[in-house]
Amino acid sequence: MSDLRFVSSGEIAGLLSFPALIDAIEAAFRRSITVPVRHHHTMARPDGDATALLMPAWTSGGGEDDMLGTKLVTVFPGNAARGIESITGLYILNSGATGQPLAVMDARALTVWRTAAASALAARYLAREDASTLAVIGAGALAPYLARAHASVRPIRTIAVWNRTPAKAEALAESLRGEGFDARAEADRGVAIAGADIVTSATLSPQPLVEGRYLQLGQHVDLVGGFTPTMREADDEAIRRSRVYVDTRAGAGKEAGDIVIPLASGVLAADAIQGDLFELTAGTSKGRGSADEITLFKSVGTAIEDLAAAELVWKALKG
């Protein structure tokens, strides 16, 4: 136990890069990794229901290099009014061969990195190769990571940011300009969406923000924010107009309102979901078929991605 490492968010940022992480997650979806359904517990709070998540995963190779990882996450929406982060947590990495704890990592940092990387991995298969404009819906903690991740797999130079609070959209746009992007805050959500090759949305909105009436032929839509069956970021028309993909069929079909609600209403048939990241990375599901298709990817997150990111951090620490 004396060698147990705590890995801060700053250390994680210094050890990860999107090209390496996207490759690691792609490889992880082809590996033998056991992922139980995550525990999802709602806690009633006067300032909005909070959520506790427990997400374990372990490699199943049978060797000394096997790993076991468990993410403990809390989501407290009411924290926004307190001026503190809504999502916090810890990631515990153990040896999968002996169970010995190896490291405790900042789960929030690990999560934003792996979530953005999974979206970019999907975009490798689903976005047009010449996609150069991005709309970012929402200006929370995940938003800049999504911009950087998508720009690592497609030639993104122009970014429009929309947020309910215009000042936050401008702050993000200014930050992205500092990183070399041609970024602006866009007050009109429809204009932001219609003018983008890739639309990425990461909000906690209970009402759809990515409306099908705004979508244009050839776009790729990346939905990241909603993580419960009652939350959705895209409306029925967006689902109807798109070829739909998910990160995992089991997770999205149970937890993602963007999938669960259209399935229940008949807007989306189960067999109309074109594929998930297992199938895309294995080549058993076809990605984008033409330049005019509208593709839509819904991510709820999977512990496979967390374990891949934590392993990459651990290997970098060990040299």
Side-chain angles (χ1 to χ4, degrees), residues 1-8 11-12 14-41 52-73 89-122 124-125 245-255 275-285 287 299-319:
M1 294 290 287
S2 60
D3 293 331
L4 183 67
R5 288 286 305 271
F6 178 78
V7 189
S8 69
E11 285 183 282
I12 289 171
L15 294 168
L16 290 180
S17 71
F18 277 116
L21 181 55
I22 293 164
D23 286 346
I25 291 176
E26 184 171 42
F29 274 95
R30 298 174 178 147
R31 293 168 61 192
S32 178
I33 298 179
T34 300
V35 184
V37 175
R38 68 182 176 184
H39 296 248
H40 188 288
H41 303 283
L53 301 169
L54 174 66
M55 301 172 63
W58 55 89
T59 57
S60 307
E64 289 299 310
D65 60 348
D66 279 348
M67 291 287 185
L68 160 66
T70 307
K71 187 165 76 170
L72 306 169
V73 176
L90 297 173
Y91 192 87
I92 303 169
L93 185 68
N94 301 69
S95 164
T98 67
Q100 290 295 305
L102 303 173
V104 177
M105 303 183 187
D106 184 316
R108 180 178 168 275
L110 210 64
T111 299
V112 292
W113 274 91
R114 67 78 155 155
T115 301
S119 285
L121 174 59
R124 273 184 176 174
Y125 294 93
Y245 297 79
V246 296
D247 54 353
T248 67
R249 290 182 183 271
K254 179 181 178 182
E255 299 179 27
D276 63 11
L277 286 178
F278 290 107
E279 295 159 342
L280 285 169
T281 57
T284 57
S285 173
S299 169
V300 292
T302 168
I304 290 174
E305 299 156 4
D306 295 303
L307 185 58
E311 281 187 295
L312 196 60
V313 168
W314 180 247
K315 288 175 183 176
L317 283 172
K318 299 298 286 184

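Note that the numbering runs from 1 along the sequence shown for the chain.
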If I compare all heavy atoms of A24 with all of L312, which pair ends up nearest, and what's the gap?
CB-CD2, 4.3 Å

Taking atom CD of E305 and atom CG of L21, what is their separation to the nearest 0.5 Å?
9.0 Å

Quick one: pull up CE in M67 and NZ in K315 and give me the separation to the nearest 0.5 Å.
7.5 Å

Calculate, to the nearest 0.5 Å, the distance between atoms CG and CG belonging to N94 and D66 respectively.
12.5 Å

CA sep, side-chain torsions, deciding dist, call: K71, L110, side-chain contact (heavy atoms from CB on, under 4.5 Å)
CA-CA 10 Å; K71 187 165 76 170; L110 210 64; 5.9 Å; no

How far does CZ of R31 sit from CD of E311, to the nearest 0.5 angstrom?
4.5 Å

Taking all atoms of both residues into account, what is the closest heavy-atom pair of I25 and A117, and its distance?
CD1-CB, 3.7 Å

How far apart are the C-alpha atoms of S8 and D106, what are their side-chain angles, what is the distance that settles it, and do they pass the side-chain contact (heavy atoms from CB on, under 4.5 Å) test?
CA-CA 5 Å; S8 69; D106 184 316; 5.7 Å; no

Could you pull out the closest heavy-atom pair between A316 and L15, with the gap in Å?
CB-CD2, 3.7 Å

Hey, could you give me the CD1/CG distance between I22 and L16, rounded to the nearest 0.5 Å?
11.0 Å

Scanning both residues in full, the closest heavy-atom pair of D247 with F29 reads O-CE2, 4.1 Å

Are L54 and L72 close enough, and set up right, to give a side-chain contact (heavy atoms from CB on, under 4.5 Å), and what steps lead you there?
CA-CA 5 Å; L54 174 66; L72 306 169; 3.0 Å; yes

Among side-chain atoms of E26 and Y125, is any donor-acceptor pair under 3.5 angstrom?
yes

Could you pull out the closest heavy-atom pair between A109 and I12, with the gap in Å?
CB-CD1, 4.0 Å

Got a second to check how far W314's CH2 is from M105's CE, nearest 0.5 Å?
7.0 Å

Does either side chain, that of S119 or that of S299, offer a donor lying less than 3.5 Å from an acceptor on the other one?
no

Are the side chain of S95 and the backbone of A97 linked by a donor-acceptor contact shorter than 3.5 Å?
yes

On a heavy-atom basis, the closest approach of G251 and T248 is N-OG1, 3.1 Å

Quick one: does any side-chain atom of T70 pair with a main-chain N or O of I92 as donor and acceptor, under 3.5 Å?
no

Provide the full list of ring pair (Phe, Tyr, Trp, His ring centres under 6.0 Å) pairs with a residue in residues 95-117, sequence neighbours left out, each pair given once.
F18-W113, W113-Y145

D23 vs R124, salt bridge (Lys or Arg N to Asp or Glu O under 4.0 Å): CA-CA, chis, key distance, verdict
CA-CA 11 Å; D23 286 346; R124 273 184 176 174; 2.8 Å; yes

Answer whether the closest heavy-atom distance between the side chains of R5 and L93 falls below 4.5 Å.
no

Pick out which of D306, T302, L307 makes a side-chain contact (heavy atoms from CB on, under 4.5 Å) with I304.
T302

